[in-house]
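One-based numbering, in listed order, for ligands and for the atoms of each. Since we're looking at a predicted model, the values are computed, not measured.
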Amino acid sequence: MGTIKQSLAWWGFARSIEPEKLIAEAKRIGYAGVEMCPQELWPKVVDAGLRIVTMGGHKSLTDGLNRRENHDRIERELKDNIELAVKWDIPSLIVFSGNRGGISDEEGLTNTVDGLRRVAKTAEEAGVTLVLELLNSKVDHPDYQCDHTAWGVEVCRRVGSPRVKLLYDIYHMQIMEGDIIRTIKNHIEHIGHFHTAGNPGRHEIDDSQELYYPAIMRAIAETNYDGYVGQEFTPTRDAVASLEQAYRICNV
Ligand SMILES: O=C(O)C(=O)CO
């Protein structure tokens, strides 16, 4: 067993594997948990000895924390989901900036910080981390505001809570920035979760794509990061074989 705890994002694999088989295979391969899986399956996940590693913290990816008019709603949703997370031992809730929609990066930053400050204390008391997801706005999520590490890091700095961090998605940040290992090392204190995928294409993380995951995983391990790395890609081949291969590649 390597030093990095691995999970898998449900949506990428559940389209080609039955839920019970996916849970059983994840456990057999060595995954520690699953992410964003439908709530009705949580008992089966936990019974199999896997952890539910992340869930969505609020609605929605495009209409998120960067708009003040969303803050009452998001605060309610986050507080409800923090309770659920405590009950089910879920370490992280994913949160989103939302799309720019004409909001400047400075205004979006101030709004996102203020929105997160409303729930940071509740998250701290619960021991649940809110992870603000970095996504690419170039290919998959046009106009999404939290599309650069520096912007996300500034949100975390200004909120100033150990329970507000970034979800550094390696695939998305390769598209926007590259320079993955240096960025991770420089900002690891603000990173609470990782996602993977091959680029281009968002498929397997093997040598069919441009990122060299063993080196990235070693760099993460060297920081003494103790969170999870979640495989979040859509397989082009047999899904179980791809999950097994991805686990091996990241098992440094
Ligand atoms: O594109 C992603 O990574 C997302 O999490 C959106 O669902």
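- Taking R218 as the reference, nothing meets the salt bridge (Lys or Arg N to Asp or Glu O under 4.0 Å) condition, with sequence neighbours excluded.
- The side-chain contact (heavy atoms from CB on, under 4.5 Å) with H58 is formed by just one residue from the set L93, N81, L65, D63; it is L65.
- Here Y247 and Y31 bring their ring centres to under 6.0 angstrom of each other.
- Between the side chains of E124 and S161, at least one donor N or O lies within less than 3.5 Å of an accepting N or O.
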Using a cut-off of under 3.5 Å, which N/O atoms of ligand 1 pair up with protein N/O atoms, and what distance separates each pair?
| unit_1 | atom_1 | unit_2 | atom_2 | d |
| --- | --- | --- | --- | --- |
| ligand 1 | 1 (O) | H141 | NE2 | 2.6 |
| ligand 1 | 1 (O) | H172 | NE2 | 3.1 |
| ligand 1 | 1 (O) | R202 | NH1 | 2.9 |
| ligand 1 | 1 (O) | R202 | NH2 | 3.2 |
| ligand 1 | 3 (O) | E133 | OE2 | 3.4 |
| ligand 1 | 3 (O) | H172 | NE2 | 2.8 |
| ligand 1 | 3 (O) | R202 | NH2 | 2.6 |
| ligand 1 | 3 (O) | E232 | OE1 | 3.2 |
| ligand 1 | 5 (O) | E133 | OE1 | 3.3 |
| ligand 1 | 5 (O) | E232 | OE2 | 3.4 |

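- Counting only residues at least two apart or in different chains, salt bridge (charged side-chain N to carboxylate O under 4.0 Å, His left out) contacts with residues 10-20 comprise E20-K44.
- Legend: residues meeting salt bridge (Lys or Arg N to Asp or Glu O under 4.0 Å) with D140, ordered by chain and number and at least two apart, are absent.
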